[in-house]
There are 2 protein chains.
Amino acid sequence: MDAAAADDRLDRAFMALADPVRRSIVARLSRGPATVTELAEPFDITTQAVSKHIQVLEAAGLVTRSRDAQRRPVHLDAAALETLTEWIDRYRLIHEQRFRRLDALLASADGADAAASAEQD
Amino acid sequence: MDAAAADDRLDRAFMALADPVRRSIVARLSRGPATVTELAEPFDITTQAVSKHIQVLEAAGLVTRSRDAQRRPVHLDAAALETLTEWIDRYRLIHEQRFRRLDALLASADGADAAASAEQD
DNA sequence: CCATTATTCAACCAATCGCTTGATCAACTA
DNA sequence: TAGTTGATCAAGCGATTGGTTGAATAATGG
């Protein structure tokens with residue numbers, strides 16, 4: 001998978017979780033698979049709307065679907081969720097490491113000047 | 001903060017990271033603060049557009065801003081990123097725990113039937 | 001075969017998104 | 001003070017979003 005495709009996947013995944021209905025669906029699916037009708041039940045919207053939400057989650061790789069007679073059970077894909085936390089944590093950790101370096105500099109003798117140059121790093 | 005407000009914050013944060021330009025800005029800010037002009041430089045869009053992107057990140061609580069003469073340096077807020085990983089990891093872990101329970105049932109004597117009922121959980 | 005159930009497709013609508021251009025505001029500097 | 005730099009505001013535009021209604025498709029069960 002090239003960088004652009006990975007980017008596209010992240011776009012879709014973050015966008016998918018930006019909607020409260022879809023986040024709620026993910027929360028429900030963490031407890032096991034469910035059909036479209038079951039997933040629609042708690043909401044005040046049509047099953048068509050929920051079907052679209054599921055398509056968004058599926059296009060983002062966050063869920064997969066199987067077949068059971070007329071039903072199309074939806075399953076959570078936890079590995080995709082992990083990709084998201086990996087992206088976030090990468091930059092969170094870089095940021096925190098930078099803070100630790102800054103603290104170390106401030107603790108050293110000529111603190112102020114060293115910190116000012118670290119800021120430009 | 002009530003549940004609806006927390007929901008709204010998550011909406012904004014996930015939506016903010018759904019855009020590749022904004023993710024790139026977050027990546028840049030993980031290495032230290034930067035001004036609007038600096039952040040705009042790598043992209044082929046106007047500074048106005050970048051300014052709007054930063055407003056989106058700010059409204060999501062992902063960045064804060066300070067003042068340095070005409071400049072408005074942007075700083076990453078790593079704590080907000082942590083809120084996102086917490087949300088994701090909660091449901092990821094619930095899902096994985098459920099899988100571990102399922103494995104345990106399948107490993108036990110009357111595996112098949114027990115697993116089928118667990119599926120409905 | 002026919003009716004029912006579960007889901008999706010299609011067309012449409014109001015609202016929002018990302019971006020643009022042009023103007024304005026704020027703060028420094030020659 | 002006048003000009004310059006850095007950033008934002010405002011209005012507009014094409015594309016996309018989340019939702020609807022209505023019709024179509026697929027699979028089951030009597």
Side-chain angles (χ1 to χ4, degrees), chain A residues 4 7-29 32-75 119-120, chain B residues 4 7-29 32-60 62-76 119-120:
Chain A
D7 237 48
D8 204 60
R9 252 190 127 68
L10 280 173
D11 281 5
R12 286 195 226 272
F14 278 117
M15 181 65 103
L17 295 182
D19 186 280
V21 170
R22 287 192 293 260
R23 275 204 308 281
S24 179
I25 288 174
V26 166
R28 164 64 187 81
L29 291 176
T35 66
V36 176
T37 318
E38 284 164 0
L39 290 172
E41 201 273 324
F43 303 105
D44 217 27
I45 57 178
T46 62
T47 57
Q48 288 98 315
V50 172
S51 182
K52 279 191 186 180
H53 279 306
I54 292 165
Q55 284 173 42
V56 171
L57 289 166
E58 192 178 19
L62 293 172
V63 306
T64 56
R65 327 196 58 176
S66 53
R67 168 68 77 178
D68 167 29
Q70 307 104 311
R71 273 139 260 142
R72 305 290 312 278
V74 187
H75 311 254
E119 193 77 359
Q120 304 295 347
Chain B
D7 236 48
D8 204 58
R9 252 190 128 66
L10 280 173
D11 281 5
R12 286 194 227 271
F14 278 117
M15 182 63 104
L17 295 182
D19 185 279
V21 170
R22 286 192 295 259
R23 276 203 308 281
S24 179
I25 288 174
V26 167
R28 164 63 186 82
L29 292 176
T35 66
V36 176
T37 319
E38 284 165 2
L39 290 171
E41 200 275 323
F43 303 105
D44 218 26
I45 58 179
T46 62
T47 57
Q48 288 98 315
V50 172
S51 181
K52 280 194 186 178
H53 278 307
I54 292 166
Q55 284 174 41
V56 171
L57 289 167
E58 191 177 20
L62 293 172
V63 305
T64 57
R65 328 196 58 177
S66 54
R67 164 72 73 179
D68 166 29
Q70 308 104 311
R71 273 140 260 139
R72 305 290 313 278
V74 186
H75 311 255
L76 188 63
E119 194 77 1
Q120 304 294 345

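Chain letters run A, B, ... following the sequence lines, proteins first and then strands; every chain starts at 1.
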Q: Check whether any side-chain N or O of R65(A) sits under 4.0 Å from OP1 or OP2 of dT8(C), and answer yes or no.
A: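 It does, given that an N or O in the side chain of R65(A) lies less than 4.0 Å from OP1 or OP2 of dT8(C).
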
Expressed in angstrom and rounded to an integer, what is the separation of [X] atom [atom1] from [N] atom [atom2]?
| X | N | atom1 | atom2 | value |
| --- | --- | --- | --- | --- |
| Q55(A) | dT7(C) | CD | P | 12 Å |
| I45(A) | dT17(D) | CD1 | P | 16 Å |
| R67(B) | dA26(C) | CZ | C1' | 7 Å |
| H53(A) | dT17(D) | NE2 | P | 12 Å |
| D19(A) | dC17(C) | CG | C1' | 15 Å |
| K52(B) | dT20(C) | NZ | C1' | 8 Å |
| Q70(A) | dG30(D) | CD | C1' | 14 Å |
| F14(B) | dG18(D) | CZ | P | 15 Å |

**Q.** Closest non-hydrogen atom pair between F43(B) and S24(B), with its separation
**A.**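 The answer is CZ-OG, 3.4 Å.
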
Q. Which nucleotide sits closest to the side chain of A49(B): dT7(C), dC19(C), dT21(D)?
A.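 Minimum distance to the A49(B) side chain belongs to dC19(C).
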
Q.
Whether the side chain of Q48(A) and the base of dG18(D) hold a donor-acceptor pair under 3.5 Å is what I'd like checked.
A.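 Flag unset: no donor-acceptor pair detected.
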
